[in-house]
Student: 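Okay, here's the structure, questions in a sec.
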Amino acid sequence: MNLKEQFGISEEQIRHAAGLLRARSLVAFPTETVYGLGANALDPLAVARIFEAKGRPNSSPVIVHISDIEMVGEVASEWPERARRLAERFWPGPLTLVVPKQPGVPDIVTAGLMTVGVRMPAHPVALALIRAAQVPVAAPSANRFTQLSPTTAEHVRQGMGNRVDYILDGGPCTVGIESTVLSLADGVPTLLRPGGISALQIEELIGPIARVAEQDDGPHPAPGMHARHYSPGTRLLLVDGGDVPRNGAGAYLQLRLVPRTSVRKVVMMPADAVGYAARLYQVLHGLDADGYDWIAVDTPEPGEEWEAVLDRLRRAAVSTT
Ligand code: TXA
Ligand code: MG
């Protein structure tokens, strides 16, 4: 283990954080996607503290993080062939697999569902923490409900304050948006949330997958799939061709065109989807703190590789074009 040199985190810090997890406390930790707010997944009272700290309704299931493939058996009652192949290929990595749950997984983790979302994160600090705690770790993103997900420890500090007991600061997250969530609970594999692993990458391995339709209100196809989510406090507008508001002072996430004069700040975004995703939340956190009237975001061209980024932008936007 070389966490000290790579991330500035000592074995002592890992042991301390693991002890806190075992003692029902909340530990924020880095993953390759976003920072997670972790609790012992097998302890319902510990997981209840996550919901309290986030201000998140209990109707949303939480993803369970594991460090070793053997841990799957502690949370999943079935491990379909497709799950085995996907895990072999994409774990550790930004892919969450929804499978039938073990009876021992508390209802509060799964929002009463018979299934559980499991993922093995590709971050050495996260893996070391889970290994040291010796329990699966339930962790949503470490932000208050409906706020922007954190991609640095500083975002966690600003957003959660003293609602979190300990933060492992492993530097900025490299993927920058949340994991892909794929359900393997029924016959047809179904994409519940686009993310770090593209639908195409999954389909290349296991064949065609279904998608759930977007829903604004009412019953969600999967609990927790609220349409509006991941938003900055500042009004975010998805625009086309530099068509930014004329009034107020705004910031513009530019992909292509020259903006109008009401733009106070232009942020040139990476032209590739992976680079864009890695920067997005960090840029939005920064602009949010600067107090603009609005943030206009140039809409990326539709395209398979942009699916996850577009999904997050649409959820964050107050209006789309
Ligand atoms: O990248 C990530 O996945 C981050 C980092 C911290 O790992 N975690 C994260 O967790 O985003 P969370 O709890 O916010 O993700 C919840 C998503 C929701 O879209 C929810 O519907 C889905 O995972 N999910 C979790 N368990 C599920 C289940 N049993 N059935 C259906 N969807 C589930
Ligand atoms: Mg979240």
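Please read these numbers as outputs of a predicted model, since none were measured by experiment. Both ligands and their constituent atoms are indexed starting at 1 by order of listing. FYI, the numbering just counts along the sequence from 1.
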Student: For G117, counting its heavy atoms only, list the atoms of ligand 1 lying under 4.0 Å from any of them.
Tutor: 26 (N), 29 (N)
Student: Check this for me: does any side-chain nitrogen of one of R85 and E88 sit under 4.0 Å from a carboxylate oxygen of the other?
Tutor: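 Not counted as a salt bridge, because no side-chain N and carboxylate O are separated by less than 4.0 Å.
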Student: Should D311 and R193 count as an ion pair when the cut-off is N to O under 4.0 Å?
Tutor: no
Student: Do any nitrogen or oxygen atoms of S179 come within less than 3.5 Å of a nitrogen or oxygen of ligand 1?
Tutor: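 S179 vs ligand 1: N/O contact under 3.5 Å present.
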Student: Is a donor on one side and an acceptor on the other found under 3.5 Å between the side chain of K265 and the backbone of G250?
Tutor: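 Not at all, since once roles are kept as given, no pair shorter than 3.5 Å links the two residues.
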Student: Are any of the side-chain nitrogens in R49 or E52 under 4.0 Å away from the carboxylate oxygens of its partner?
Tutor: no
Student: For the residue pair S141 and E178, confirm or rule out a side-chain donor-acceptor distance under 3.5 Å.
Tutor: no
Student: If you compare all heavy atoms of L313 against all heavy atoms of P300, which two are closest, and at what distance to 0.1 Å?
Tutor: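 It is CD1-CD, 4.0 Å.
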Student: So is T110 in contact with ligand 1, going by heavy-atom distances below 4.0 Å?
Tutor: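 Not so, T110 does not reach ligand 1.
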Student: What atoms of ligand 1 come closer than 4.0 angstrom to any heavy atom of T115?
Tutor: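 Reading through ligand 1 atom by atom, the close ones are 28 (C), 29 (N), 30 (N).
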Student: If the cut-off is 4.0 Å to any non-hydrogen atom of L113, which atoms of ligand 1 fall inside it?
Tutor: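 Those qualifying, in numeric order: 28 (C), 29 (N), 30 (N).
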Student: Can you list the atoms of ligand 1 that are under 4.0 Å from a heavy atom of R193?
Tutor: 2 (C), 3 (O), 9 (C), 11 (O), 15 (O), 17 (C)
Student: Roughly how far, to the nearest 0.5 Å, is CD of Q102 from CE of M114?
Tutor: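 One gets 11.0 Å once the value is rounded to the nearest 0.5 Å.
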Student: Quick check on contacts: which atoms of ligand 1 are under 4.0 angstrom from a heavy atom of G36?
Tutor: 6 (C)
Student: Angle between ring planes, H65 versus F29, binned at 30° and 60°: parallel, tilted or perpendicular?
Tutor: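 Ring orientation of H65 relative to F29: perpendicular.
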Student: Heavy-atom contact under 4.0 Å between R56 and ligand 1?
Tutor: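 Within the 4.0 Å threshold, so yes.
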Student: For a quick test of reading the model, state the closest non-hydrogen atom pair linking L168 to V125 and the distance between them.
Tutor: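 Scanning both residues, the minimum pair turns out to be CD1-CG1, 4.0 Å.
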Student: So for ligand 1, is E178 a polar contact partner (N or O within less than 3.5 Å, distance only)?
Tutor: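 Checking ligand 1 against E178, no N or O pair falls under 3.5 Å apart.
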Student: Do the side-chain N and O atoms of T31 and R119 include a donor-acceptor pair separated by under 3.5 angstrom?
Tutor: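 Yes - a donor-acceptor pair under 3.5 Å links their side chains.
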Student: As an exercise, identify every atom of ligand 1 less than 4.0 angstrom from a heavy atom of L192.
Tutor: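 It comes down to these atoms of ligand 1: 31 (C), 32 (N).
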Student: So, 4.0 Å and heavy atoms of A139: is ligand 1 close enough to count as a contact?
Tutor: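 Within the 4.0 Å threshold, so yes.
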Student: If the contact criterion is a heavy-atom separation under 4.0 Å, does K101 count as touching ligand 1?
Tutor: no
Student: Quick one: which of V118, I63, V34 has a heavy atom closest to atom 23 (O) of ligand 1?
Tutor: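 Of the listed residues, I63 has the closest heavy atom.
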Student: Show the atoms of ligand 1 that are less than 4.0 angstrom away from any heavy atom in V116.
Tutor: 29 (N)
Student: Checking only N/O/S atoms, does S141 have one that is under 2.8 Å from the Mg ion (ligand 2)?
Tutor: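 Coordinating: yes.
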Student: Among P121, P30, P61, A28, which one has a heavy atom closest to atom 16 (C) of ligand 1?
Tutor: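 Result: the heavy atom closest to atom 16 (C) of ligand 1 is in P61.
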Student: State whether the shortest distance between N or O atoms of H65 and N or O atoms of ligand 1 falls below 3.5 angstrom.
Tutor: yes
Student: Take the angle between the ring planes of H155 and H285 and call it parallel below 30°, perpendicular above 60°, tilted in between.
Tutor: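 Rings of H155 and H285: parallel, under 30°.
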Student: Do any nitrogen or oxygen atoms of T96 come within less than 3.5 Å of a nitrogen or oxygen of ligand 1?
Tutor: no
